[in-house]
Chemist: 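Quick one: structure below, then a few questions.
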Amino acid sequence: MTQLEMARQGIISKEMEYVAAKEKVSPEFIRQGVAEGTIVILKNKNRKDSNPVAIGKGLRTKVNASVGTSPDSTSLELELEKLQVAEKAGADTIMDLSTGGDINGIRKEILAKTKLPVGSVPIYQTAIEAIAKYGSIVEMKAEDIFATIEAHAADGIDFMAIHCALNFDVVNRLKKQGRTMDIVSRGGAFLTGWMLHNQAENPLYTQFDRLLEIAKKYDVVLSIGDAIRPGCIDDSLDRAQVQGLIIAGELVDRAREYGVQVMIEGPGHVPVHHIHSTIQLQKELSNQAPYFVLGTLVTDIAPGYDHITSAIGGALASAAGADFICYVTPAEHLRLPTAADVREGVIAARIAAHAGDLAKGVKGAAEWDLAMARARKSLNWEEQMVVAIDRERAEKIRSERAPLNSSDDVCTMCGDYCAMKVVSQYLGVPAGEC
Ligand code: SF4
């Protein structure tokens, strides 16, 4: 049985108990959320020694870090280093998006090297293998697509981005209205090219039941890929995007009926004033399915700083109800990320997720901030470092300019004119004793 089927029968699985303890909620809260489809638990039946992670309503907003080779950078060692860095920086899940080198070997190695849930986008591998096998992506067969999906599931992949909500209704809508950036989803682009060349409907849409069968067998969480997500601010919330969302919502209903856990992937590039509507629309159209947003990036003009543009969007999206944030690194739109980029991206996304959790009132979020505020008021530098989301960076920056002419319980910003120190004399609570 899948976690969804168990939850519906009133069974609390060991995975539900595990994630409940992590989230500091009751196992019954998790069971109910899974049964309703507002919570999913990432845990492939074939992965015996990984730790499940729950995503959804009432839970901490999770952060995904994507790693993986490209045709220009096929080093397994580098991707394993990025995996390690992402994990150390606090990523909740990893996605292997490899498109270069030994893709099967890399996936197995990543699954073996982490206990975090691992996701993938099987269409990447199918498309690449179609070029080797038939000379072109447009020659790939439906059999190839489903064989790759099954292979990923059998290996233990816990969640998969599948572009099953892309059909001719969406493509025709896109052609009719026109768009500044057309399609920026890689999977969406491969499938649209295939559909138009072959004048055939997307097999992932027409054979959705086949997909559900595989997902159910391994309890893989389907992440309905946002093939039509806006790739620039100008395309946000256009008719094609909304059409894709309507179809994704219909597929959510079918997956739930079949006993398959499902979430929806979202944009992308979204201006601040569209974020709330985007999240609300997804939640309404999918009966509150967990929402996995890619960013969201609130402006197009900052290459090199897209971990910041996406952290702004991620915080607002999380506050509006998004449940899962895919990190964006400073290398976005420029090149494959390095290990240092990965670290920066994970921390930025975690800050965004936490800011959203504060707004949503997620358990434990406000207490974390309170701990920092108390440590700051009492000028307890050791405690500030312990509580900091990135202790390494906080310690490095403080040590670069330690107080020379002032007492060492302050910092070099104000020295002995430290507001906390001064005011404590007049309020009668000495700094360090609150
Ligand atoms: S010296 Fe200024 S910046 Fe530094 S801790 Fe005191 S009030 Fe804050």
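When a ligand or atom number is given, it counts from 1 through the structure's own listing order. Position 1 is the first residue of the sequence, and the numbers go up from there. Keep in mind the model is a prediction, meaning the values are calculated, not measured. Keep in mind that the numbers below use all heavy atoms, side chains included, and drop hydrogens, waters and symmetry copies.
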Chemist: What is the closest protein heavy atom to atom 4 (Fe) of ligand 1, and at what distance does it sit?
Modeler: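 For this ligand atom, the closest protein heavy atom is Cys411 SG, 2.3 Å.
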Chemist: Considering only protein heavy atoms, which is closest to atom 6 (Fe) of ligand 1, and at what distance to one decimal place?
Modeler: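 Result: Cys418 SG, 2.4 Å.
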Chemist: Could you state the interatomic distance from CG (Leu174) to CD (Gln243), rounded to the nearest 0.5 Å?
Modeler: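 Taking CG in Leu174 and CD in Gln243, the distance rounds to 10.5 Å.
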Chemist: Which residue is it: Lys62, Lys363, Arg60? I am looking for the one with a salt bridge (charged side-chain N to carboxylate O under 4.0 Å, His left out) to Glu23.
Modeler: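 For Glu23, the salt bridge (charged side-chain N to carboxylate O under 4.0 Å, His left out) test succeeds with only one of Lys62, Lys363, Arg60, which is Lys62.
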Chemist: Do the side chains of Arg47 and Asp158 get close enough for a salt bridge, i.e. N-O under 4.0 angstrom?
Modeler: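 A salt bridge is present here (some side-chain N lies under 4.0 Å from a carboxylate O).
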Chemist: With atoms numbered from 1 as shown, which atoms in ligand 1 lie under 4.0 angstrom from a non-hydrogen atom of Met413?
Modeler: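 Numbered from 1, ligand 1 contributes 3 (S).
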Chemist: Could you check whether Arg254 makes a cation-pi contact with Phe208, meaning its NZ or CZ is under 6.0 Å from the centre of the six-membered ring and within 45° of the ring axis?
Modeler: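 Relative to the ring axis of Phe208, which defines the angle, Arg254 lies outside at least one limit.
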Chemist: Which heavy atom of the protein is the closest neighbour of atom 8 (Fe) of ligand 1, given with residue, atom name and distance?
Modeler: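 Here the nearest protein heavy atom works out to Met420 CE, 3.9 Å.
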Chemist: Looking only at protein heavy atoms, which one is nearest to atom 2 (Fe) of ligand 1, and what is the separation?
Modeler: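 Checking every protein heavy atom, the shortest distance to atom 2 (Fe) of ligand 1 gives Cys414 SG, 2.2 Å.
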Chemist: Should we say atom NZ of Lys57 is surrounded by more than 12 heavy atoms from elsewhere, each under 6.0 Å from it?
Modeler: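 Atom NZ in Lys57 is not crowded, with 12 or fewer foreign heavy atoms closer than 6.0 Å.
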Chemist: Which of the atoms in ligand 1, numbered in the order shown and given with their element, are less than 4.0 Å from a heavy-atom of Ala419?
Modeler: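 Numbered from 1, ligand 1 contributes 7 (S).
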